[in-house]
Chemist: 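Below is the structure I would like to discuss, written out as C-alpha cells.
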Amino acid sequence: MKFTCIVTSFPLIGASLFLHIFFASSQDFTLLERNSLIFRESGEGNGTPPLHSAIKPWVALRELSSVTDSVINRITGLCFLVKNSPGNEQQVNGFFLMDNRIGITGKSPGNRLQYSAGTGLSMRFRDKFGLEYCLMGGELTFPDYMNGFIRTRYIYPGYGFMDTTNVFIAQRGLASWQLSPYFRVQAGYDKNFWGDGYRSLILSDLAAPYPFFKITADFWRMRYVSLHASLRNIRLITYADRVKPELIPKYGTFHILHWNISNRFSMSVFEAIIWKGTDENLERKYDINYLNPVIFYRPVEYSTGSNDNALMGLNLTARPFGRITFYGQWLLDEFLLKEMKADVKRFVTDDDSSFSWGWYSNKYGLQGGIKYPDAFGINRLHLQVEFNRVRPYTYSHANAYQNYSHMNQPLAHPMGSNFREMIALFDYNYRKWYVNAEAVYAIMGTDSGSSNWGGDIFKPIKTREREYYNENGQGVKTDLKIVQIKAGYLISASSNLYAEAGFIYRISDSILSVTENNYLWIGIRTRLFNEYFDY
C-alpha cells in the first residue's frame, strides 16, 4: 500500500515531496527526544517505582503509560489510518511526519531551506509483539560551520552517508517481542542512548542509525541489556579527478547492567567491544565469541588473542534530597595502574620534572552533572548543568577503522576526545509553549596539518605525537563558545507538531584562526528525534 504526502511549507520554500512507505511500531514505540523525556524523568523519587533512566529509548506502554502529554499518547492523531480491535488487543495507527525550515546566516548570502516529510504505521498485538518503521525524505541544510565537517566526512550529521546532493532519505524501524514479563527481544535500525546526562560518554544518539539486535532482561530492581550492532566506517579513496567514499564494515557489542539500588540511588556498569569486519584480508564477519551474554568481555578478548577495541564504564545517579539529581559517568578505554598513579602524583606535587606523567594510553573520560526539575518551585522549569572531560586519544585505536564510531561520527561525545566542556541548559514548558536555552563552553586540543594530538578519534593512535606528557587541550588550544535558543508552540498535540524558531551563535578561537557563525531559523516540525548542532 502506498501513501502520498504533499508538503508545502512557507511561500519561500514552495516544495512538495512525494513519499510512499512503510509500516511501523508497537507497544514498543520508543522515544529519544529530550523534551518529551525530561519531565517524565523528573517525577522519579516521589514514591513511584524509579525508571531505568540510564537506558534509553524507554518502552512506551511499559514505562511511559502514565504520561498524559507524551508523544506516545499524541501520535494517534493526524492519522490517515486508525484501527483498534475490541479489548485493545490489536492497534494499527498511521501518521505523517514533517520538518520544514528556512534559515539565514550572517556570513553567507541567501537563505537556507530545509524541507522533509514522512509517514509511518504503528502496530501492536496484545502487548506482546509489535512493529515500528518510519521513513522521511527531503533536503537538508545545516549551519555554515558544519559544512566543512560534512564535506570532508561524507555524512549528514545524525543521518548517515552523503551523496553529491543535499537530498536524503532516512529510515528507522523496530520489531519487538515481549517473551515474558522479564525478557524482551528487539531487532531494528535505530539509535540508543545510555546515560543520565545531556551528553553520554558511553553510548549516545549522535551518529546515524544502525542495524541492531537487542535482548533486555528485567529482574528485581535491575535491567540488563545486551546490544549487538552492525556499524560502518567511511574510507575515502582518492583518484586523479575525484574522491570515492567506500563503506567499511565493523561490528560492536554493548552491555549495560542498571541497578535501582533505591528510589533515590542507581548505578550502571557498561562495556563495549568494537572490531573490524575484515582481518588481514580475511572476511571476519560477526565474531560468535561475542554472543556471550555475560557482561565484561575482556576474558573473551584475551582468550581469542584479539586486539579489538574494548571499553568499560560506570554511570551513577543520586537524589539525596528532594528532586535534585546528581549524576556522573566514568569511561575507561585503556590504562596502566602505575601510569595512572603518576598522573595522580603530578596533581599533588609541586615538582613534576622528576618523573614521567601523562602516558598516551591512559585513556578515560569523566562526566558530572546536576538536574533541578521544577526549579525554585516553578512547575515544568528544568535546569541542568553538566561537565565533561575526555583525555587525548580516548576512543581511538591502532587501527583507524576500529575506533569508537559509526558513519564517521563518534558513538559517544560529538567532540571526540582531548577536551573539557561545560554545558548549562534551561527548559521551560507553559501550556502549549516551550523555551529551551543552552550555553556551551569547551577547551579543545585540535590538530594542525598531519599532527595527531589526540582530539581526532579517526586518526590511528600509532601516529601520536609523543609517549608522555599528554594533557587535555594539548595541540592547538581552541576555545569554543556556543549559545543556542529555541522556542516553539504546540500546533497539534496528536502528532507532536510544533511551530518553532531557533538561533545559534558559535565562536571558535585559536592561535590559527577565529571563526564566528550565527544561524537563525523558523519552521514547522514533528519532534520525535534529537538533533545536535552544539559542537
Side-chain angles (χ1 to χ4, degrees), residues 26-28 30-32 37 41 44 48-64 127-130 174-188 190-197 200-205 210-231 251-274 286-301 308 310-318 327-332 404 411-412:
S26 71
Q27 103 266 10
D28 281 323
T30 51
L31 276 178
L32 277 173
L37 298 183
E41 186 179 6
E44 295 185 77
T48 59
L51 291 166
H52 293 284
S53 59
I55 303 175
K56 302 178 184 73
W58 297 335
V59 178
L61 293 188
R62 291 176 63 85
E63 296 172 309
L64 296 178
D127 293 340
K128 294 294 184 181
F129 181 77
L174 182 71
S176 181
W177 186 12
Q178 191 73 37
L179 299 176
S180 75
Y182 309 102
F183 293 96
R184 181 169 63 254
V185 176
Q186 295 172 310
D190 209 336
K191 304 183 184 185
N192 294 269
F193 186 101
W194 290 354
D196 287 284
S200 175
L201 302 185
I202 57 179
L203 182 63
S204 78
D205 59 340
Y210 43 83
F212 67 84
F213 175 75
K214 180 163 61 174
I215 301 173
T216 301
D218 291 300
F219 53 96
W220 192 41
R221 302 176 68 94
M222 296 184 178
R223 169 165 294 177
Y224 180 63
V225 177
S226 180
L227 173 67
H228 308 266
S230 176
L231 308 172
Y251 302 93
T253 295
F254 311 83
H255 283 168
I256 187 168
L257 175 64
H258 186 268
W259 178 23
N260 284 319
I261 301 172
S262 72
N263 281 14
R264 295 192 177 275
F265 298 93
S266 66
M267 67 174 292
S268 306
V269 289
F270 156 86
E271 72 168 350
I273 297 284
I274 304 292
Y286 194 92
D287 192 330
I288 61 173
N289 290 288
Y290 292 138
L291 288 175
N292 181 349
V294 179
I295 196 168
F296 296 129
Y297 271 129
R298 273 301 191 183
V300 174
E301 193 191 15
D308 298 333
L311 303 92
M312 296 187 297
L314 179 68
N315 189 90
L316 298 171
T317 61
Y327 64 90
Q329 283 185 342
W330 176 51
L331 182 281
L332 181 61
Y404 198 65
L411 281 169

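What you see below is based on every heavy atom in this structure, not just the backbone, and it leaves out hydrogens, waters and symmetry mates.
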Chemist: Would you find a donor on one side and an acceptor on the other, under 3.5 Å apart, between the side chain of K56 and the backbone of G195?
Modeler: yes
Chemist: With a 4.5 Å cut-off on side-chain heavy atoms, are L227 and W194 touching?
Modeler: yes
Chemist: Between L314 and Q329, is there a side-chain heavy-atom distance shorter than 4.5 Å?
Modeler: no
Chemist: Could you work out, with side chain to side chain contact (heavy atoms under 4.5 Å, CB included) as the rule, every residue matching S204, not counting sequence neighbours?
Modeler: F193, S200, L206
Chemist: Quick one: does R221's side chain get under 4.5 Å of I261's, heavy atoms only?
Modeler: no
Chemist: Check I274 against G252 and note the closest heavy-atom contact, atom names and distance.
Modeler: CD1-CA, 3.8 Å
Chemist: Could you state the interatomic distance from CH2 (W177) to CZ (F129), rounded to the nearest 0.5 Å?
Modeler: 8.5 Å
Chemist: The criterion is side chain to side chain contact (heavy atoms under 4.5 Å, CB included); which residues satisfy it with F183, sequence neighbours excluded?
Modeler: L179, S180, A217
Chemist: Measure the CZ-CG distance between R223 and N260 for me, rounded to the nearest 0.5 Å.
Modeler: 9.5 Å
Chemist: Is there a side-chain contact between L174 and D190 in this structure, where contact means two heavy atoms from C-beta onward sitting under 4.5 Å apart?
Modeler: no
Chemist: Y210: which residues meet the side chain to side chain donor-acceptor pair (under 3.5 Å) condition with it, sequence neighbours left out?
Modeler: N192
Chemist: Looking at every heavy atom in both M222 and H52, which two are closest together, and how far apart are they?
Modeler: C-CE1, 3.5 Å
Chemist: Decide yes or no for K214 and V185: does some side-chain heavy atom of the first lie under 4.5 Å from some side-chain heavy atom of the second?
Modeler: no
Chemist: Shortest non-hydrogen contact from I256 to I55?
Modeler: CG2-CD1, 3.9 Å
Chemist: Check side chain to side chain donor-acceptor pair (under 3.5 Å) between S230 and all other residues, then give those that pass, not counting sequence neighbours.
Modeler: R232
Chemist: Could you walk me through whether Y224 and H255 satisfy the ring pair (Phe, Tyr, Trp, His ring centres under 6.0 Å) test, starting with their C-alpha distance in whole Å, then the side-chain angles of each, then the deciding distance to 0.1 Å, before giving a yes or no?
Modeler: CA-CA 7 Å; Y224 180 63; H255 283 168; 5.5 Å; yes
Chemist: For the pair E271 and L311, evaluate side chain to side chain contact (heavy atoms under 4.5 Å, CB included) and give the outcome as yes or no after the intermediate values.
Modeler: CA-CA 6 Å; E271 72 168 350; L311 303 92; over 6 Å; no
Chemist: Apply side chain to side chain donor-acceptor pair (under 3.5 Å) to T317 and list each qualifying residue two or more places apart in sequence or on a separate chain.
Modeler: S266
Chemist: Give a yes or no on whether the ring-centroid distance for Y251 and H228 is below 6.0 angstrom.
Modeler: no
Chemist: Output yes when a side-chain donor or acceptor of Y327 lies under 3.5 Å from a complementary backbone atom of A54, and no otherwise.
Modeler: no
Chemist: Applying side chain to side chain contact (heavy atoms under 4.5 Å, CB included), can you list everything that pairs with L332, at least two apart in sequence or on another chain?
Modeler: M312, W330, F335, Y364
Chemist: Under the criterion side-chain contact (heavy atoms from CB on, under 4.5 Å), which of I202, I273, V225, L411 is the partner of F254?
Modeler: L411
